[in-house]
Amino acid sequence: MDGVPTVSVLLPLAVDGPYTYRVPNGVTLSPGDIVRVPLGPREIIGAVWDDVPDGSVGHNRLRPVAHRYDAPPLDPTIRKFVDWVANYTLTPRGMVLRMVLRAPGALEAEHDIEAVMLSGKPPERMTDARRRVLEQAGDGAPWSRAALAAAAGVSPGVVSGLVEQGSLTLVHLPPTPVALPPDPDHAPPRFDDGQSEAAAEMRRIADAGLFGVTLIDGITGSGKTEVYFEAVAETLRRGRQALILLPEIALTTDFLDRFARRFGERPAEWHSEVPPRQRERTWRAVAAGTVKAVVGARSALFLPFPELGLVIVDEEHDSAYKQEEGVTYNARDMAVVRGHLGSFPVILSSATPSIESRVNADQGRYRRIELTSRFAAAKLPEIRAVDMRVHPPERGFFLSPVLVQAMEATLAAKSQSLLFLNRRGYAPLTLCRHCGHRFQCPNCSSWLVEHRYRGQLVCHHCGHHEARPERCPACGTEDSLVACGPGVERIAEEVAQRFPEARCTVLSSDMLGGVPKMRAELETIRSGGTDIVIGTQLVAKGHNFPLLALVGVVDADLGLAQGDPRAAERTFQLLAQVTGRAGRAGGDSQALLQTYAPDHPVIAAIASGDREAFYAREIEARRTAGLPPFGRLAGIVISAAERASAQAYAMVLRRAAPEEGPAMVLGPSEAPLAVLRGRHRFRLLVRAPRGFDLQDFLRSWLAAAPPPRGNVRVQVDIDPQSFL
DNA sequence: CCCAAAGGCCTT
DNA sequence: AGGCCTTTGGGT
């Protein structure tokens, strides 16, 4: 019945299968080609896919492909990757393709840049302004009109005038490259004994170019970055592309400069702050294979590299690798998958590896490289745990006398202190002194956090906020509301009171002024423009504070009390990262852990520097509790209309009962019950034995009795290796 | 009984 | 994604 040539085209929509289109006469299309096709009333971009076109749609209903873009096709590896990720995360393939085709403008050819050059012909009438322009252009190099006008200190009109006169000629230049090729041999560092062995191993791994996962487990300041740069160098020597993933917040100019010092050029960048034009150009250059090194946030994993030969996942433990909106995936795990599909090595790096990577390394599934010593000048900080039952703060204050004394000494020595408290706002709870009323979020039943600076009570789960009232809404008493507990704002207040002469900076994600303001504050800290830094977990994320001599952790055991399987692990990682910031420059570094429970394993591990003990205990604790140390953790996310959510939740709880099958409910939720933009979301952790096809089970389970309303999405959290 | 809002379904 | 159709619950 054939004769009509057809192709499968996958569209970046919430559709799982490709649609079939007619191939116009004289056109040849192959899998990976990027095309424009009609869909309903409009045309959209899609990619020719590998599926055999299905004949279920009548030939008379098939519409023709409208256009084939003159762009590099998506290579087979990324097509397989899209299919794999879609299958694994139980999302329609089109949704995953959408993450690949996220720079639609990249498909149009780039325009040349217009520039002007000295022609040698003098203008009919010379003026002062014109002379300055001509002098400036005297170097013979092409200038953009705007840049030349600015350099000569004249208005752009003067430049245009000279173009009309013929004194300047218009030239068209190819666009400046997104990134110049990095040079693997630009500035190889000198390594000490422990490092040079690791560096050689990196080179071997990259040179062999085979799939395998390596965990670089090295304490802060041990030179992990320099070591994995060796793998990048070797990959570049082999002419293949390298991708370095970082949590978005750690993607600073600092890191790019570091790369440039090693390789002579900055890498291409890929993250949400890159402006659209630049994104498109980067996408195209990556697809064309002209960009050899990319440093990016998790979404960079979906760039269409044709020659990818290495992926590095730095700070692999960081939860920012988990995308929770749309397609739910963990970029660290998907990097491992991409390496497997593309047959190239993947390197995970962290000072505080996740439990699952730890266990994978322990079991020999991942290779492990340990870096245990710091660079020559840097000493490990001295860490003291302060029991606040023994050294309580004065009434109405939150800092213990031990910490205050240490701060005084640091201040006297003209050094910098950092106070870390993982709590935004002024106070985590507000209550009425008269009737005991507590301010709760109307949506999520969590306490409202007072933000005194903004004059509001804010829910940290759903973003709900209300003005702080004058009187208690329950009993009507005036001036009866009291703030309970500290947040960073309240600590800043205490610091201002205790050290009125000290310069103080607060770093918090809700800081007004956004990213630029944040950059400025970080620069102030680096340059010594502040004496005391007070910050939330932001300060644990890869920023360098070279002048820091003291770290005080306020409420170190905060976060341990949450009924969350990862509470201990997360607290350990956070505290280890924060205290690791101290002493990077050597000198009298000291870290204080202030806590009510100095005998807690997490804090004991930090205070004694015994990471091994912590990991061993944590892995064992999970084993005895029946929690998977790693393995196939899946979460069921229900997102449903508010009115039906309780019903759906109850149903999933019922269905997830152990007797129903090999899946079982592990905890109420990794994240607390949350309300996001009017939609309730619940998450359950589910475990299944190794070798059991959890995906398939969940799929049929949901098909057998679909939820009455809303949709249920299954999110697999950990360890894709068992599927490979 | 009417209506706005939210959710679901379809596009080849 | 975006347009259209259905369901739902609040209001009269």
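In what follows, chains are A, B, ... by sequence order, proteins preceding strands, each numbered from 1.
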- Task: Identify whether the distance between the nearest side-chain nitrogen and carboxylate oxygen of A/D318 and A/R570 falls below 4.0 Å.
- Result: no
- Item | Distance (rounded to the nearest 0.5 Å) between A/Q241 CD and A/E307 CD | 6.5 Å
- Cation-pi, A/F81 ring and A/R338 (6.0 angstrom, 45 degrees): yes
- Query: Can you tell me how far C1' of B/dT12 sits from CG of A/N60, to the nearest Å?
  - Reply: 12 Å
Quick test: give all pairs of protein nitrogen or oxygen and nucleotides 4-6 of chain C nitrogen or oxygen below 3.5 Å, distance rounded to 0.1 Å.
none

- Is there a donor N/O on one and an acceptor N/O on the other, under 3.5 Å, for the side chain of A/R42 and the base of C/dA1? yes
- Query: How does DNA chain B look in dot-bracket notation if pairs are Watson-Crick or G-U with both distances under 3.5 Å, crossing ones as [ ], other-strand ones as |?
  - Reply: |||||||||||.
- Just how far, in rounded Å, is C1' of B/dT11 from CG of A/L11? 9 Å
- Between A/H434 and A/S480, a side-chain donor and acceptor under 3.5 Å: no
- In whole angstroms, the gap separating P of B/dT12 from CD1 of A/I44 amounts to 10 Å
Without placing hydrogens or testing angles, list every side-chain donor-acceptor pair under 3.5 Å for residues 267-274 of chain A, not counting sequence neighbours.
residue, atom, partner, partner atom, Å
A/E269, OE1, A/H271, NE2, 2.8
A/W270, NE1, A/S299, OG, 3.3
A/H271, ND1, A/E273, N, 3.2
A/S272, OG, A/E248, OE2, 2.6

- Task: Calculate the interatomic distance between A/D54 atom CG and B/dT12 atom P; express it in whole Å.
- Result: 13 Å
- Rounded to whole Å, the CE-P distance (A/M95 to B/dT11) equals 18 Å
- Out of curiosity, A/I78 CD1 to A/D83 CG, how far, rounded to the nearest 0.5 Å? 11.0 Å
